[in-house]
K.L.:
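Take a look at this one; I'll ask things after.
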Amino acid sequence: MSRLFGPVRQNGYVVRDIEAAMAHWIDALQVGPWFYIDRVKTDWFRHRGQDSPLELSIALANSGDLQIELIQQRNDAPSMYKEFLDSGREGLQHVAFWSTDYQALYDRALAQGYRLGHEGQIGGEQGRFAYFDTGAPANPHAGTVVEISDISGSKGRFFEYVRERARTWDGSDPIRKPR
């Protein structure tokens, strides 16, 4: 539990092959079902303060109360996902905290010295998210990215739906494509 952000609600993995990553989580770890969105529609996206035409796929599942997010960037647009892959890494890229008072949490993070890496919005004003870059050169724990996400709208309801489906999952229909 973070005194600033609350409980970790999601681990986000940046991968080069989202289908292979889902198969691993299903077969090796028996985590599912996965809710796979082949092309995410963002209202807007900015990387380090500049608009960026990000194209990505995501898949969501839960292991207990912890959501697992798989992210595959589909183009070369500037993003923290691309920076992560370009540095030779793949796998756990961020931990996420959720809020129904997004703006207050966003403002507190900036006041505490967190540096905005990228941010965007999906599905309207209540779908905002921000990633803070905590990997300053002097930080011996560089690489931990913190995401905050507004769950006060439809995204929060969808996240709850994903969690509930995982709780009762019997192993069938392991990859689902939401409408």
K.L.:
Check residues 20-30 and write down every donor-acceptor pair under 3.5 Å in which the side-chain atom is one partner and the other belongs to a residue at least two apart or another chain.
P.N.:
none

K.L.:
Does anything in residues 45-74 pair up under ring pair (Phe, Tyr, Trp, His ring centres under 6.0 Å), and if so which pairs, sequence neighbours excluded?
P.N.:
F45-H118
K.L.:
I'd like to check P78 versus S52 (side-chain heavy atoms, cut-off strictly below 4.5 Å). Are they in contact?
P.N.:
yes
K.L.:
Just checking Y114 against F5, ring centres under 6.0 Å apart?
P.N.:
yes
K.L.:
Apply salt bridge (Lys or Arg N to Asp or Glu O under 4.0 Å) to R39 and list each qualifying residue two or more places apart in sequence or on a separate chain.
P.N.:
none
K.L.:
Looking only at non-hydrogen atoms, find the nearest pair between L54 and L56 and report the distance.
P.N.:
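Closest heavy-atom pair between L54 and L56: CD2-CD2, 3.3 Å.
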K.L.:
Looking only at the side chains, is there a donor atom on one of S79 and Q73 sitting less than 3.5 Å from an acceptor on the other?
P.N.:
yes
K.L.:
Take the angle between the ring planes of F129 and Y131 and call it parallel below 30°, perpendicular above 60°, tilted in between.
P.N.:
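F129 and Y131: perpendicular rings.
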K.L.:
Do V40 and I122 have side chains that approach each other closer than 4.5 Å (heavy atoms only, starting at C-beta)?
P.N.:
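Answer yes - side chains close enough.
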K.L.:
Kindly state each residue pair satisfying salt bridge (charged side-chain N to carboxylate O under 4.0 Å, His left out) with at least one member in residues 11-20, sequence neighbours excluded.
P.N.:
R16-E90, E19-R74
K.L.:
Holding to salt bridge (Lys or Arg N to Asp or Glu O under 4.0 Å), I want the full list of residues that pass it with D170, two or more places apart in sequence or in another chain.
P.N.:
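Listed in chain order: nothing, the list is empty.
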K.L.:
Going by distance alone, is a donor N or O of one side chain under 3.5 Å from an acceptor N or O of the other, for Q126 and Y102?
P.N.:
no
K.L.:
Name all residues meeting the salt bridge (Lys or Arg N to Asp or Glu O under 4.0 Å) criterion together with K155; count only those two or more places apart in sequence or in a different chain, and write none if there are none.
P.N.:
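Once residues adjacent in sequence are excluded, K155 has no partner under the salt bridge (Lys or Arg N to Asp or Glu O under 4.0 Å) criterion.
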K.L.:
Checking R157 now: which residues fulfil side chain to side chain donor-acceptor pair (under 3.5 Å) with it, not counting sequence neighbours?
P.N.:
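In terms of side chain to side chain donor-acceptor pair (under 3.5 Å), with neighbours along the sequence ignored, R157 is linked to no residue.
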K.L.:
Say whether S152 and D150, considering side chains only, have a donor N or O and an acceptor N or O under 3.5 Å apart.
P.N.:
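Yes.
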K.L.:
Quick one: which residue pairs count as a salt bridge (charged side-chain N to carboxylate O under 4.0 Å, His left out) with a foot in residues 102-114, not counting sequence neighbours?
P.N.:
none
K.L.:
Side chains of R128 and Y106, heavy atoms from C-beta outward: is any pair under 4.5 Å?
P.N.:
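In short, these two side chains touch, coming nearer than 4.5 Å.
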K.L.:
Check side chain to side chain donor-acceptor pair (under 3.5 Å) between N62 and all other residues, then give those that pass, not counting sequence neighbours.
P.N.:
none
K.L.:
Hey, could you give me each pair passing salt bridge (charged side-chain N to carboxylate O under 4.0 Å, His left out) that has a residue in residues 48-61? Not counting sequence neighbours.
P.N.:
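Qualifying pairs: R46-D51, R48-E83, R48-D133.
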K.L.:
I want to check a possible cation-pi pair here: R9 against F97, using under 6.0 Å from ring centre and within 45° of the ring axis as the test.
P.N.:
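No, a cation-pi geometry is absent between R9 and F97.
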K.L.:
Give me each pair satisfying salt bridge (charged side-chain N to carboxylate O under 4.0 Å, His left out) with a member in residues 62-72, each pair once, sequence neighbours excluded.
P.N.:
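Every salt bridge (charged side-chain N to carboxylate O under 4.0 Å, His left out) pair that includes a residue of residues 62-72, provided the two are not neighbours, is D65-R163.
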K.L.:
Is the shortest heavy-atom distance from the side chain of Q93 to the side chain of Y81 under 4.5 Å?
P.N.:
yes
K.L.:
Who pairs with Q67 by side chain to side chain donor-acceptor pair (under 3.5 Å), at least two apart in sequence or on another chain?
P.N.:
Q10
